[in-house]
**Student:** 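Structure below; questions to follow.
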Amino acid sequence: MLKHSSEDNISGCLDVEKELQPMLDSTMTHFGIRQTTTSKNDNQSRSTGKTDQQTQVELPDKATWATVTFDEFPSISRNIQESLRQEQTSMKNAKKELQTAKENLEKEHSFVQHVSTQSLDDIVNFNVRGTMMAAKRSTLRIFKDSQLDRQFDDATWPEQHTNTPSAKQWSYKQVADWAKQHNELSDEVASLFEQNRVTGLELLAMAREDVKELGIRRPGTLALVTNAMKGLKMKSQCSPIFIDHDPYSFGKILDQLHLKVMSKEDYKPLLLLCIREGKQDVLVKTVDYYFPGEVAKLVSKENVVVDSDIVSEDE
């Protein structure tokens, strides 16, 4: 509402150009405002000083409110509803992906906890016809009563694993004896080790420059000592168990054992269709060797159909 200090100002505000009058009338009609127009003669106009037409506006006594719904705008309503449906679908898909990621993370966390609680001494190294592989002893025993389970159980494993003391546990006298018995090392080298009271743990940590500090300066002798120390370091690690089986097939078995540890109840046997061409028969024989007969119902063959906890030809 505009407030004016004089009637002249009010008259000026109400003076509307003829070409704008229809627009004003239409607007006022739309908002429900009634208007009354009276004509004044020239004499009255001159005596009163008012315009020829005076518009009196009557406003409603009470404010009225209009409710607008999307039904009055069908195209906008359809667009909004479609956008809401798409958003709802996207949220459902995101929820499913989040749930899947959560389940995978829980499986991975469980596997890491399982591995981290195992002793390093339980790592078994294999030499499979020249191919080096490794696995946890607990993983090898995941299928009970199998050949691997019996081979690496708690009763027999310590006897296989501790036939000779580790070089890390040698005293300085044992280090000197090792040097004396080594075909490429002289008695002088053995004496220097004994004089400096070098233990097995120190010997395995030594480098070429450390050997020089003991008094061995000749390049040829240094090379022989360094080479002998390198060989001892390799032997001091867990000696690999030789496996006289096809590396591809044995590797597939280890993969399945690892998968069983991670998947638990969701574990599924390996499909023979996934095996490299020409290796299927070899794999079945290798599996049958480590998981024989009905011991744990791991492998059974009948009419070329394989139904196994390790290998499957179904699907």
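Computed from a predicted model, the values in this text were never measured in an experiment.
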**Student:** Do Tyr248 side-chain atoms and Arg276 backbone N/O form a donor-acceptor pair below 3.5 Å?
**Tutor:** yes
**Student:** Flag the pair Met229 / Arg208 as yes when at least one side-chain heavy-atom distance between them is below 4.5 Å, and no otherwise.
**Tutor:**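 No. Closest side-chain heavy atoms not under 4.5 Å.
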**Student:** Can you confirm whether the side chains of Tyr172 and Glu202 place a donor and an acceptor under 3.5 Å from each other?
**Tutor:** no
**Student:** Could you tell me if the side chain of Leu257 sits less than 4.5 Å from the side chain of Leu148, heavy atoms only?
**Tutor:** yes
**Student:** Would Val287 and Tyr289 count as a side-chain contact (heavy atoms from CB on, under 4.5 Å) here? Give the steps.
**Tutor:** CA-CA 5 Å; Val287 171; Tyr289 174 82; over 6 Å; no
**Student:** What distance separates Leu203 CG from Asp210 CG, expressed to the nearest 0.5 Å?
**Tutor:** 10.5 Å
**Student:** Under a 3.5 Å distance rule, please check whether Lys233 uses its side chain to pair with a backbone N or O of Leu204 as donor and acceptor.
**Tutor:**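 The answer is yes, because a donor-acceptor pair under 3.5 Å joins these two groups.
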**Student:** Can you give me the closest heavy-atom contact between Ala134 and His258, atom names plus distance?
**Tutor:**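 Heavy atoms only, the tightest pair is O-NE2, 4.1 Å.
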**Student:** Output, in order, the C-alpha distance, side-chain angles, deciding distance and verdict of side-chain contact (heavy atoms from CB on, under 4.5 Å) for Leu140 and Asp149.
**Tutor:** CA-CA 6 Å; Leu140 297 171; Asp149 177 43; over 6 Å; no
**Student:** Is the closest side-chain heavy-atom distance between Val124 and Ile241 below 4.5 Å?
**Tutor:**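 Counting from C-beta outward, Val124 and Ile241 do come under 4.5 Å.
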**Student:** Determine whether Phe291 and Phe143 make a side-chain contact, defined as any pair of heavy atoms from C-beta on separated by less than 4.5 Å.
**Tutor:**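 Phe291 reaches Phe143 side chain to side chain.
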**Student:** To the nearest 0.5 angstrom, please state how far the CG atom of Leu185 sits from the CG atom of Leu192.
**Tutor:** 11.0 Å
**Student:** Report yes if some heavy atom in the side chain of Leu214 is under 4.5 Å from a heavy atom in the side chain of Met206; otherwise report no.
**Tutor:** yes
**Student:** Cation-pi check for Phe152 against Arg141: NZ or CZ below 6.0 Å from the six-membered ring centre and within 45 degrees of the axis, yes or no?
**Tutor:** no
**Student:** Can you give me the closest heavy-atom contact between Lys180 and Ala190, atom names plus distance?
**Tutor:** CG-CB, 3.4 Å
**Student:** Say you draw a straight line from CG of Leu222 to CD1 of Ile216; how long is it, rounded to the nearest 0.5 Å?
**Tutor:** 6.5 Å
**Student:** Do Glu82 and Arg85 have side chains that approach each other closer than 4.5 Å (heavy atoms only, starting at C-beta)?
**Tutor:** yes
**Student:** Can Asn125 and Asn127 be said to form a side-chain contact (heavy atoms from CB on, under 4.5 Å), step by step?
**Tutor:** CA-CA 7 Å; Asn125 295 304; Asn127 177 2; over 6 Å; no
**Student:** Judged by atom type as modelled, is there a donor-acceptor pair below 3.5 Å linking the side chain of Arg150 to the main-chain atoms of Asp145?
**Tutor:** yes
**Student:** Would you find a donor on one side and an acceptor on the other, under 3.5 Å apart, between the side chain of Asn227 and the backbone of Ala223?
**Tutor:**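 Here the side-chain-to-backbone pair does not exist.
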**Student:** May I ask you to check whether over 12 heavy atoms, not counting those of Met132, lie within 6.0 Å of atom CE?
**Tutor:** yes
**Student:** Would Asp246 and Arg129 satisfy salt bridge (charged side-chain N to carboxylate O under 4.0 Å, His left out), going step by step from the backbone distance to the final call?
**Tutor:** CA-CA 7 Å; Asp246 176 59; Arg129 293 182 181 176; 5.1 Å; no
**Student:** Examine distances only and state if a side-chain atom of Ser263 and a backbone atom of Asp266 form a donor-acceptor pair shorter than 3.5 Å.
**Tutor:** no
**Student:** Say you draw a straight line from OG of Ser249 to OH of Tyr290; how long is it, rounded to the nearest 0.5 Å?
**Tutor:** 10.5 Å
**Student:** Tell me the closest heavy-atom pair linking Gly200 and Val175, and the distance in Å.
**Tutor:**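 So the minimum-distance heavy-atom pair works out to N-CG2, 3.4 Å.
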**Student:** Measuring from atom CD of Gln81 to atom CD of Gln86, what distance do you get when rounded to the nearest 0.5 angstrom?
**Tutor:**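 Result: 12.5 Å between the selected atoms.
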**Student:** Is there a side-chain contact between Leu283 and Phe250, using heavy atoms and a 4.5 Å cut-off?
**Tutor:**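 Side chain of Leu283 against side chain of Phe250, heavy atoms only: no contact under 4.5 Å found.
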**Student:** Check the pair Gln256 / Tyr267 against side-chain contact (heavy atoms from CB on, under 4.5 Å), numbers first and verdict last.
**Tutor:** CA-CA 9 Å; Gln256 287 302 113; Tyr267 167 79; 3.2 Å; yes
**Student:** Does any non-hydrogen side-chain atom of Arg197 lie less than 4.5 Å from one of Ser171?
**Tutor:**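 No, side chains not in contact.
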**Student:** May I ask you to decide if Thr100's main-chain N or O and Glu103's side chain share a donor-acceptor pair within less than 3.5 Å?
**Tutor:** no
**Student:** Nearest 0.5 Å, what's the CZ-CD1 distance between Arg137 and Ile142?
**Tutor:**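 Output value for this atom pair is 13.0 Å.
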